[in-house]
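Sequence positions, counted from 1, serve as the residue numbers for this chain. Atoms within a ligand are numbered from 1 in the order they appear, just like the ligands themselves.
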Amino acid sequence: MSENIISTKNLRKIYQSLSIKTSALNNISLNIEKGDFTAIMGPSGCGKSTLLNILGLLDSPTSGEYYFLGNDVSKQNEGLRSKLRKGKIGFIFQNFNLIESLNVYENIELPLMYLKVISRERKKKVINILKYMNIENLAKRYPYQISGGEQQRVSLSRAIIFEPQLILADEPTGNLDNKNSKNIMELLSKFNGEGRTIVLVTHDPECSKYCRNVINILDGSIVH
Ligand code: ADP
Ligand code: MG
């Protein structure tokens, strides 16, 4: 039987700053099941990041329903959302978002520290993932000492090391050249082949072609 990871109904998001209201999402209804590899596609400013941030429990909708792993999360405050996403969602962003003062090994280990995994287990997991991602030689380097493609591989390693139920990627290839972009998409595709559930935000058809489902967004609405 299929297992629902995400289910939304009529999600809306209105940003209000001073007297300006921006309607970023209108009536977004979607389902994402375990093992799906879904692209959220659309031009700049159409609401992709807003949607991904809500799906990732980093933000809440203005109205509508959102069930994450069966929990009603649409009205949860930041404290509860943070508890629910802890250890369950791995994020990757366009700008890599590595911690500059930590080396590659320490960046990858960080989520395991937050999750209070014991030292021996942490070491085993980090060494395994460095091997799996073919970046063992980078372990002691700092983010400024490696290329963009390498930084994104580290960021991917950090997103999957704690075996999250969901991986959310917001334009992960946006700062990469074609070769590195292809490499990141192939890795995501491989993770999905191993059963991981992934939602990718992109405006690039070269990236969305790796995905099994594509949801097109225009001006905050799904295009059917
Ligand atoms: P995309 O990721 O598709 O480029 P976004 O989700 O970032 O689009 O933005 C959708 C719309 O919401 C845009 O019009 C943007 O200007 C607006 N927006 C995004 N974030 C905020 C915010 N924090 N406050 C006000 N408006 C915002
Ligand atoms: Mg965006």
Side-chain angles (χ1 to χ4, degrees), residues 5-32 36-68 73-82 85 89-98 148-149 151-153 155-156 158-159 164 166-178 180-182 184-185 187-188 197-224:
I5 304 279
I6 282 173
S7 175
T8 78
K9 204 166 170 208
N10 296 332
L11 280 188
R12 293 174 68 86
K13 179 72 177 179
I14 297 168
Y15 290 111
Q16 170 115 42
S17 51
L18 300 173
S19 60
I20 303 163
K21 271 189 182 179
T22 308
S23 175
L25 295 177
N26 310 304
N27 297 325
I28 301 281
S29 301
L30 54 83
N31 285 306
I32 289 168
D36 280 354
F37 189 4
T38 304
I40 297 176
M41 271 278 281
S44 179
C46 73
K48 304 181 297 297
S49 295
T50 300
L51 178 57
L52 204 75
N53 290 343
I54 292 173
L55 297 183
L57 304 176
L58 297 172
D59 198 359
S60 55
T62 307
S63 63
E65 294 170 30
Y66 178 18
Y67 291 87
F68 173 68
V73 290
S74 44
K75 292 174 194 71
Q76 306 258 15
N77 62 28
E78 168 52 20
L80 288 168
R81 280 190 271 120
S82 147
R85 69 175 180 260
I89 307 179
F91 291 93
I92 318 158
F93 298 99
Q94 179 169 350
N95 294 328
F96 320 133
N97 283 28
L98 297 176
Q151 287 194 54
Q152 199 59 309
R153 292 221 296 281
S155 169
L156 260 179
R158 185 182 58 180
L166 176 66
I167 298 168
L168 298 180
D170 193 346
E171 305 265 13
T173 65
N175 286 357
L176 302 177
D177 60 18
N178 285 344
N180 281 302
S181 173
K182 197 161 169 266
I184 292 296
M185 288 314 303
L187 283 166
L188 286 173
T197 312
I198 304 174
V199 182
L200 166 81
V201 155
T202 184
H203 65 272
D204 184 354
E206 282 302 309
C207 293
S208 66
K209 74 181 185 195
Y210 287 85
C211 301
R212 293 199 266 163
N213 319 310
V214 178
I215 296 172
N216 286 294
I217 309 265
L218 198 61
D219 290 337
S221 300
I222 295 180
V223 181
H224 292 284

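- The number of heavy-atom neighbours closer than 6.0 Å to CG of Asn178, taken from other residues, nucleotides and ligands shown, is 12 or below.
- Proximity of a side-chain donor or acceptor of Tyr66 to a complementary backbone N or O of Leu55 within less than 3.5 Å is detected.
- If you look at the Mg ion (ligand 2), the protein N, O or S atoms less than 2.8 Å from it are Ser49 OG.
- Between the side chain of Glu206 and the main chain of Ser208, no donor-acceptor pair closer than 3.5 Å is present.
- For ligand 1, the protein residues within 4.0 angstrom (heavy atoms only) are Tyr15, Thr22, Ala24, Pro43, Ser44, Gly45, Cys46, Gly47, Lys48, Ser49, Thr50.
- Side chain of Arg12 to backbone of Thr62: no donor-acceptor contact under 3.5 angstrom is found.
- No donor-acceptor pair under 3.5 Å is formed between the side chain of Arg212 and the backbone N or O of Asp36.
- In this structure, the side chains of Asn10 and Glu65 stay at 4.5 Å or more apart for every pair of heavy atoms.
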- Verdict with reasoning, Arg81 to Asp59, per salt bridge (Lys or Arg N to Asp or Glu O under 4.0 Å): CA-CA 8 Å; Arg81 280 190 271 120; Asp59 198 359; 5.1 Å; no

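- Side-chain contact check for Ile167 versus Phe91: every heavy-atom pair is 4.5 Å or farther apart.
- With hydrogens and angles ignored, the 3.5 Å screen pairs no side-chain donor or acceptor of Thr197 with any backbone N or O of Leu166.
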